[in-house]
Every structure is written in structure tokens, then in C-alpha cells.
Amino acid sequence: METRGSRRPLLLSAAVLLVLAALAAVLTLAVRGSAERPAAGAAAGAPAGRSGPTGPAPVDLAALVDGYTAGFTAGGPYTAPDAGQRRAIADGVLGALDGQAEQAGRSLARVGYRLTEFTEAATGRRVAEIADGTDAEGRGWGRVYLDLSARTGWSVQVPHPVSDARTEALGVDLFRAAPGGVLVLAGAHRRAGADGASDVAHRADTVFAAVVEALTGRGLPGIQVHGFDEGSLPGQDAVVSSGAGQPGPAAELTATGLGKAGYAACRAWREKCGQLGGTTNVEGRFAAGLGVPWLHVELGNGLRTEPARRAAVAGVLAQTARGWAAGQG
């Protein structure tokens with residue numbers, strides 16, 4: 001016969017089992033909820049990429065830039081930035097360069113820009129993007145990409161995307177070809193703004209100029225890529241110059257490399273290269289004033305638009321960039 005004393009252990013055991021079952025249910029719900037929440041590091045407004053079980057998928061920088069520049073047209077939208085807006089974006093770039101993401105984000109947010117990071121699909125490198133985070137991309141102020149995988153040592157500057165056909169693609173190819181680079185991309189067609197306001201190679205009051213000057217002020221050498229019609233300079237595939245500055249080893253290295261790749265390169269410091277020497281370029285003049293190495297590279301249509309030839313040119317320019325990153329002038 002069961003007595004009151006013998007029932008007590010059974011009642012206690014049942015209570016313990018009920019408590020354990022309740023705890024198990026709570027833990028199951030908590031784990032499920034955690035799995036369904038996005039990762040805390042996912043940035044709102046980050047470059048497009050499908051999310052997978054290990055986080056956002058890598059981003060194809062070439063496709064990203066092509067999508068961004070697809071709508072650039074002569075006569076398209078462009079709004080000239082004021083001095084404070086230019087300074088805020090340049091400060092944001094320098095903050096990102098210094099690894100001060102929070103500080104950079106605050107500076108950029110003041111003018112509607114944002115800083116995000118992604119893994120670049122072709123290289124596997126971590127890249128920071130500084131871009132307009134508003135619905136006002138029509139301001140035409142451009143974007144900046146920083147390679148976070150290595151110490152920053154050089155920049156590639158694309159002042160005339162679309163209007164100098166496929167220089168934007170060359171900029172991406174070069175950015176990928178040598179580590180430690182910064183890609184500075186203009187945000188509008190060179191003839192988008194009234195009275196040449198969007199021609200960033202010849203205007204100092206642009207975001208592009210402010211960013212390049214900030215990088216140059218840090219001593220970073222730069223390669224600025226342009227395009228020309230081969231008919232304007234028969235017999236030449238490219239023109240290499242140092243703009244308003246004195247030619248250094250990098251200029252000769254680049255011209256020689258293009259020659260070895262099978263392309264005729266006019267050396268503007270000792271040959272007549274038409275009006276393609278870049279002596280009036282505002283970024284080049286700024287670099288010359290500081291004595292920082294800077295190259296102006298004009299390329300014929302085929303060297304920009306044909307993928308294999310463009311890749312070969314990017315390989316030559318990458319040799320120059322790697323030399324700069326290694327401290328060679």
C-alpha cells in the first residue's frame with residue numbers, strides 16, 4: 001500500500017520534470033529566434049549581395065561600378081557641392097583610411113554619405129565603399145573604394161567615367177591587380193554639369209578633387225586614367241605624362257611597360273604628344289606642388305574597351321602601383 005511518505009518523492013520528481021521541460025522549450029525558442037535574426041555586423045544599405053549561411057555573399061566590384069555608372073549621360077544631373085560638403089567627405093575618406101570607421105561614419109553622415117564594407121568577389125579582399133547613402137545619387141559626387149587587405153600605398157583616379165569609355169572598368173581592373181589601392185570614381189559624366197562644373201579633372205571645387213587632394217596630402221601617389229581618340233595622335237596607343245610635375249622613375253617605368261606589352265606610348269616629357277600631357281589637370285597640379293608622384297595616362301579606345309587589352313594595360317599600371325607601395329618613386 002502506498003503511504004503519504006512514499007508519494008512525496010514521486011511528486012517531487014514530477015515537478016522537476018515539468019520544470020526541465022519548460023526550460024527546454026524556452027531554450028528552443030531562443031535559439032530559433034537567434035538563427036532567424038540577421039547578423040549584427042550586416043550594414044544597412046550595404047552593396048548588393050545575397051545573404052548565405054555564413055553572411056553576405058561576395059560582391060563583384062566590376063558589376064557594382066557598371067551599375068552605378070550606367071546612367072551617366074551628357075546633360076545628366078549634377079549638383080555642385082559646397083566647401084563644407086567636400087570637406088566632410090574627404091575627412092570621411094581619411095578616417096576610413098586610418099581605420100577610424102566610427103569617426104569616418106559621423107563625418108560622412110553629415111552630408112548623407114555612408115561607409116560600408118564587403119568582400120570583393122574576384123580578389124577575396126575586404127573593401128570599404130564610401131558612397132551616397134541618400135536617394136540623391138543625382139548629386140553626382142562620386143564614390144571611393146579602399147582596399148582594406150593591405151597597407152594603403154597608391155590611388156587610381158577615374159575622372160571621366162563613361163565619357164572616356166570604359167575607364168571606369170580599367171580603374172576596377174587596376175584596383176584588383178595591385179593590393180593597397182584606393183579607387184576614386186567621379187559621380188557624373190564630364191558634361192553633366194553646366195559650364196563644365198562636373199569636369200572634375202579641371203575643377204577644384206568638386207568632391208573628386210577634395211578626396212584626391214586629401215590622399216595626395218598623405219603622400220599617396222596616384223595614377224589618373226583618361227581616354228583619347230587614336231585619330232588625334234596617329235601612331236600612338238597611349239600617352240604617359242606627369243602632368244605639371246617633373247617625370248620620375250614611375251613615368252618611364254610605365255611607358256616602358258606599355259611598350260613591352262606591344263603598345264606605342266608617347267612620353268610627354270620628351271616627345272610631342274598633342275594636347276594630351278595633362279598639364280592643366282587640377283589634381284596633377286596639386287600633386288606637383290607637394291612633390292608627390294602622379295601619372296596622367298591617356299589610352300586609345302581599344303586599350304580601354306577590349307577586355308584583354310585593358311587587362312594587359314592594368315597589369316602594366318599595377319607594376320607601377322606595386323613599386324610605389326614598396327616605396328619606390
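Positions are given from 1 along the sequence. Everything numeric in this text was worked out from a predicted model, so none of it was measured.
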key: Partner set under side chain to side chain contact (heavy atoms under 4.5 Å, CB included) for A74, not counting sequence neighbours   = H189, R191
query = Same cluster or not: are W154 and V240 linked, directly or through other Ile, Leu, Val, Met, Phe, Trp or Tyr residues, by side-chain heavy atoms under 4.5 angstrom apart?
reply = yes
request  = Sequence neighbours left out, what pairs pass side-chain hydrogen bond (donor to acceptor under 3.5 Å, both in side chains) with at least one residue falling in residues 69-89?
outcome  = R87-D91
ask   = Is L276 isolated, or which residues cluster with it under the ILVMFWY side-chain rule of less than 4.5 Å, directly or via members?
value = F228, L233, V239
inquiry  = Applying side-chain contact (heavy atoms from CB on, under 4.5 Å) to L94 and R218, what does each step give before you reach the verdict?
reply    = CA-CA 9 Å; L94 292 182; R218 290 288 186 90; 3.9 Å; yes
task = Please collect all side-chain hydrogen bond (donor to acceptor under 3.5 Å, both in side chains) contacts where either partner lies in residues 225-245, sequence neighbours excluded, each pair once.
result = Q224-H226, H226-H296
ask   = Linking Ile, Leu, Val, Met, Phe, Trp and Tyr by side-chain heavy atoms under 4.5 Å, what else ends up with V292?
value = F286, L290
ask   = For E271, does the CD atom have more than 12 heavy-atom neighbours from other residues, nucleotides or ligands under 6.0 Å away?
value = yes
request  = Look at the side-chain heavy atoms of Ile, Leu, Val, Met, Phe, Trp and Tyr, link any pair under 4.5 Å apart, and say whether V212 and V282 land in one connected group.
outcome  = no
ask   = Could you give all pairs that pass the salt bridge (charged side-chain N to carboxylate O under 4.0 Å, His left out) test and reach residues 65-76, with sequence neighbours left out?
value = D66-R166
request  = Can you sort out the partners of T254 under side-chain hydrogen bond (donor to acceptor under 3.5 Å, both in side chains), two or more places apart, ordered by chain and number?
outcome  = T320
Let me check something: any side-chain donor-acceptor pairs from residues 308-316 under 3.5 Å, sequence neighbours excluded? List them with distances.
unit_1: R310; atom_1: NE; unit_2: D173; atom_2: OD2; d: 3.1
unit_1: R310; atom_1: NH1; unit_2: R304; atom_2: O; d: 2.8

task = Going by the side-chain contact (heavy atoms from CB on, under 4.5 Å) test, name the single residue among L64, L115, V144 that passes it with E129.
result = L64
request  = Please list, chain by chain and in numerical order, all residues satisfying salt bridge (charged side-chain N to carboxylate O under 4.0 Å, His left out) with R285, sequence neighbours excluded.
outcome  = none
task = Pick out which of V200, I223, L183 makes a side-chain contact (heavy atoms from CB on, under 4.5 Å) with V158.
result = L183
request  = Examine the side chains of R126 and T119 and answer whether a donor and an acceptor come within less than 3.5 Å of each other.
outcome  = yes
task = Can you label the angle between the Y145 ring and the F118 ring as parallel, tilted or perpendicular, going by 30° and 60°?
result = perpendicular
Distance-only donor-acceptor pairs under 3.5 Å for side chains of residues 261-270, two or more places apart:
unit_1: R267; atom_1: NE; unit_2: E252; atom_2: OE1; d: 3.4
unit_1: R267; atom_1: NE; unit_2: E252; atom_2: OE2; d: 3.2
unit_1: R267; atom_1: NH2; unit_2: E252; atom_2: OE2; d: 3.1
unit_1: R267; atom_1: NH2; unit_2: T256; atom_2: OG1; d: 3.4

Those residues that, when tested against R176, pass side chain to side chain contact (heavy atoms under 4.5 Å, CB included) (two or more places apart) = D60, L61, A62, E120, A122, T123, V172
task = Please list, chain by chain and in numerical order, all residues satisfying side chain to side chain contact (heavy atoms under 4.5 Å, CB included) with R190, sequence neighbours excluded.
result = H160, S163, D164, D199, H202
